[in-house]
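Please read the structure below before turning to the comments.
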Amino acid sequence: MSNYLHLVRWFFHPTAGVRSELPTTGVASLSERRRRRRALFFPATAAAETSATRRFPPIAPPASAPSGRIGLRRELGSCIHGESEVESFPEGASHGQDIFATDFLEIRAKEPSVHVLVIPGNPGIVAFYKDFVEELYENLGGQASITERGRLFSLHEQIDHKVDFIEQEFQHSEQSLVLVGHSIGAYICLEIFKRLQKKVKLCVGLYPFLTLNKKSMKQSAIGYIARSSLLSKGVSSFVSFIGSLQASVTRGIVRRLLGPSWSVTAVEATCGHLLWYHTMRNVLFMAMTEFTKLSEEPDWNFISAKQDQIAFLFDVDDHWGPLAHLEEISKRAPGVALSVETEGHTHGYCCTEAGSFWAADYVANLIKTKF
């Protein structure tokens with residue numbers, strides 16, 4: 001472990017206000033990391049394995065996985081919507097009420113000195129981050145408990161949901177809390193930080209989506225679809241059609257469309273959790289609320305006030321978080337730790353094993369340096 005720390009510190013010094021280009025650490029081969037991660041996995045529940053349970057997954061009680069093992073737990077809740085068109089998952093929900101299942105990925109340490117809460121990007125499916133969470137736990141030497149919490153619905157509801165969770169779960173905890181957000185999750189982390197400034201010690205944004213990129217044609221196209229009820233229904237119907245095919249056919253289509261670099265974890269998460277009509281409708285509804293809110297300027301006053309507790313990782317070619325946004329942050333809040341990833345892992349880092357491992361190394365190094 002001491003040699004590993006020496007290598008990481010040599011490669012990256014998160015000096016405030018300095019852009020850093022980070023190479024991969026090369027600590028272990030992918031095959032060796034796969035072997036170690038298999039030893040970490042603990043199947044807390046077998047939910048969502050069949051087509052029947054995938055659409056209406058059973059609600060499992062909180063799982064008490066042994067320390068050092070990853071566990072999945074699912075909770076049932078409800079949310080009242082006004083005039084939104086978000087649709088209910090199970091039958092029997094009252095008018096205007098949506099029943100949702102919240103998934104947690106957790107690895108608990110025996111005597112943690114810090115708790116890391118990972119906030120996913122849209123579509124908020126925790127299964128995409130399994131490789132990242134496991135590798136982050138291992139890189140922190142078992143000294144941190146890690147929770148990855150996902151849920152769909154509007155951006156405002158996402159923020160309220162995470163704040164409520166933290167207040168309940170960490171009400172009597174004295175552990176330092178680190179927020180790690182990916183994409184829109186980075187924006188959510190900043191909003192959580194605003195409300196819970198005494199609890200949060202570090203806020204990390206991976207490939208952050210903090211404000212609209214008016215030059216991005218992709219964002220314009222997604223926004224146009226998300227604002228149209230007709231187009232949203234059409235896209236969701238097409239996606240659900242692919243998901244309804246024989247499992248092997250669906251996997252083949254997903255593999256062909258997404259490319260061979262995607263990990264088995266990401267392909268299974270796509271096939272088992274994303275390719276459903278109501279899920280895609282909620283993804284697009286979430287996107288619509290994101291684009292509405294993020295048309296505003298970031299809260300520069302808050303970012304500047306907390307700049308020594310904030311870090312952002314950007315990519316050289318990311319339309320969600322272009323380098324122009326990095327330059328703006330460096331001008332407005334020069335104390336924020338800014339880094340640029342040049343290894344080609346892209347915005348969807350969690351969809352490849354190499355990207356998940358690399359991002360986990362980056363976050364682990366930040367936490368070790370901070371604490």
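Only heavy atoms go into these numbers, but all of them, side chains included; no hydrogens, no water, no symmetry mates.
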Side chain proximity check, T289 to H156, heavy atoms < 4.5 angstrom: no

Note, T211 side chain near E296 side chain (heavy atom, < 4.5 Å): no

For A186, all residues meeting side-chain contact (heavy atoms from CB on, under 4.5 Å), sequence neighbours excluded: P208, L210

Minimum side-chain heavy-atom gap L294-L155 below 4.5 Å: yes

Pairing residues for D299 by the salt bridge (charged side-chain N to carboxylate O under 4.0 Å, His left out) criterion, not counting sequence neighbours: K194

Non-hydrogen side-chain atoms of Y187 and E290 separated by less than 4.5 Å: no

H278-N282 side chain donor-acceptor pair, cut-off 3.5 Å: no

Sidechain N-carboxylate O distance under 4.0 Å for K130, E134: yes

Listed partners of S228 passing side-chain contact (heavy atoms from CB on, under 4.5 Å), at least two apart: L230, L231

Pairing residues for E167 by the salt bridge (charged side-chain N to carboxylate O under 4.0 Å, His left out) criterion, not counting sequence neighbours: none

Value rounded to 0.5 Å, distance of OG in S244 from CH2 in W276: 7.5 Å

Validation row: V283, L274 side chains within 4.5 angstrom (heavy atoms): yes

Value rounded to 0.5 Å, distance of OH in Y207 from OG in S183: 11.5 Å

Inter-residue atom distance Y277.OH - K233.NZ, 0.5 Å rounding: 5.5 Å

For A333 against I303, the heavy-atom pair lying closest together: CB-CG2, 3.9 Å

Side-chain heavy-atom pair I166, L179 within 4.5 angstrom cut-off: yes

Results of side-chain contact (heavy atoms from CB on, under 4.5 Å) for L258 - residues two or more places apart only: V254, W262, T270

Steps toward side-chain contact (heavy atoms from CB on, under 4.5 Å) verdict (F209, N122): CA-CA 11 Å; F209 179 30; N122 196 354; over 6 Å; no

Set of ring pair (Phe, Tyr, Trp, His ring centres under 6.0 Å) partners for F132, sequence neighbours left out: Y349

Closest non-hydrogen atom pair between I225 and S232, with its separation: O-OG, 3.0 Å

Joint hydrophobic cluster, M217 plus F291, side-chain heavy atoms closer than 4.5 Å: no

Pair V200-Q309, side-chain contact (heavy atoms from CB on, under 4.5 Å): steps then yes or no: CA-CA 9 Å; V200 177; Q309 295 175 262; 5.7 Å; no

More than 12 heavy atoms from other groups under 6.0 Å of NZ on K199: yes

Atom OH of Y224 with >12 non-hydrogen neighbours under 6.0 angstrom: no

Salt bridge R195-D160, side-chain N to carboxylate O under 4.0 Å: yes

All ring pair (Phe, Tyr, Trp, His ring centres under 6.0 Å) counterparts of F170, not counting sequence neighbours: H115

Heavy-atom check, side chain of H182 versus side chain of C350, under 4.5 Å: yes

Test item: V204 and L313 side chains (from C-beta on) under 4.5 Å apart, heavy atoms: no

Those residues that, when tested against F302, pass ring pair (Phe, Tyr, Trp, His ring centres under 6.0 Å) (two or more places apart): F193

Would you mind writing out the side-chain donor-acceptor pairs for residues 316-325 within the sub-3.5 Å range, not counting sequence neighbours?
{"unit_1": "D318", "atom_1": "OD1", "unit_2": "W320", "atom_2": "N", "d": "3.0"}
{"unit_1": "D318", "atom_1": "OD1", "unit_2": "H347", "atom_2": "ND1", "d": "3.3"}
{"unit_1": "D318", "atom_1": "OD2", "unit_2": "H347", "atom_2": "ND1", "d": "2.9"}
{"unit_1": "H319", "atom_1": "ND1", "unit_2": "S216", "atom_2": "OG", "d": "3.0"}

Under 3.5 Å donor-acceptor, E341 side chain and G344 backbone: yes

Approximate separation, where rounding is to 0.5 Å, of D361 CG and N139 CG: 4.5 Å

Verify same cluster id: V264, V267 (apolar side-chain graph, 4.5 Å): no

Nearest heavy-atom neighbours spanning P120 and V118: CD-O, 3.7 Å

Parallel, tilted or perpendicular: ring planes of F312 versus F314, cut at 30 and 60 degrees: perpendicular

Qualifying salt bridge (charged side-chain N to carboxylate O under 4.0 Å, His left out) pairs with a residue from residues 200-224, counting only residues at least two apart or across chains: none

Single-linkage hydrophobic cluster, 4.5 Å side-chain cutoff, W300 and I192 together: yes

Which residues share a salt bridge (charged side-chain N to carboxylate O under 4.0 Å, His left out) with R332, sequence neighbours left out: E297, E328

Distance in Å, H345 NE2 paired with S261 OG, rounded so as to fall on 0.5 Å steps: 11.0 Å

Between OG on residue S240 and CZ on residue R281, distance to nearest 0.5 Å: 11.0 Å

Residue pairs fulfilling side-chain hydrogen bond (donor to acceptor under 3.5 Å, both in side chains) with at least one residue in residues 246-255, sequence neighbours excluded: R251-E268

